[in-house]
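Take a look at the structure below.
Start at 1 with the first residue, then count along the sequence. Note that ligands are numbered from 1 as they come in the structure, with each ligand's atoms numbered from 1 the same way.
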Amino acid sequence: MNTSYVNESIRCTVENCKYHSDGKDYCSLGSICVGAHKNNPTDCKCVDCKSFESAE
Ligand code: SF4
């Protein structure tokens, strides 16, 4: 995984994701999948990055 890549179209602050860019608040993937964990999302707390994988 090349986490030195900075996808400037995907800002992200989740530093414990294995796809987080090294030292910058961006994602290193070319694209991500965003989804909801509630049937009728009403604000941003209801949605998640489904491409997340733990860095640990
Ligand atoms: S995969 Fe999702 S959570 Fe992980 S760095 Fe990229 S945008 Fe952030």
Side-chain angles (χ1 to χ4, degrees):
M1 186 65 229
N2 179 10
T3 54
S4 63
Y5 177 64
V6 175
N7 186 337
E8 294 185 345
S9 296
I10 307 175
R11 296 178 61 195
C12 180
T13 59
V14 185
E15 293 183 8
N16 61 328
C17 176
K18 75 177 187 181
Y19 301 120
H20 193 263
S21 298
D22 294 337
K24 295 199 171 183
D25 282 344
Y26 290 93
C27 184
S28 66
L29 295 175
S31 66
I32 60 168
C33 178
V34 175
H37 57 263
K38 296 182 88 177
N39 286 338
N40 296 300
T42 52
D43 62 38
C44 66
K45 292 193 297 294
C46 304
V47 299
D48 310 285
C49 176
K50 300 296 187 185
S51 300
F52 169 87
E53 288 192 43
S54 174
E56 297 176 14

Inset, instruction - Provide the closest heavy-atom pair for D22 versus S4 in the form atom of the first, atom of the second, distance. - result: OD2-N, 3.7 Å
Inset, instruction - Provide the closest heavy-atom pair for Y5 versus L29 in the form atom of the first, atom of the second, distance. - result: CE2-O, 4.1 Å
Inset, instruction - Taking both backbone and side-chain atoms into account, decide whether C49 has an N/O/S atom under 2.8 Å from atom 2 (Fe) of ligand 1. - result: yes
Looking at [X], which atoms of ligand 1 are within less than 4.0 Å of one of its heavy atoms?
X	result
C12	3 (S), 5 (S), 7 (S), 8 (Fe)
Y19	1 (S), 5 (S)
L29	1 (S)
H20	5 (S)
S51	1 (S)

Inset, instruction - Tell me yes or no: between the side chains of D25 and T13, is some donor less than 3.5 Å from an acceptor? - result: no
Legend entry - Between E8 and Y26, a side-chain donor and acceptor under 3.5 Å: no
Inset, instruction - Report yes or no: does H20 contribute a side-chain atom to a donor-acceptor pair with the main-chain N or O of C27 at less than 3.5 Å? - result: no
Inset, instruction - Would you check if atom 8 (Fe) of ligand 1 lies under 2.8 Å from any N, O or S atom of C27? - result: no
Inset, instruction - Considering only non-hydrogen protein atoms, determine which one is nearest to atom 4 (Fe) of ligand 1 and report residue, atom name and distance to 0.1 Å. - result: C17 SG, 2.3 Å
Inset, instruction - Please check if atom NZ in K24 has more than 12 non-hydrogen atoms from other residues, nucleotides or ligands closer than 6.0 Å. - result: no
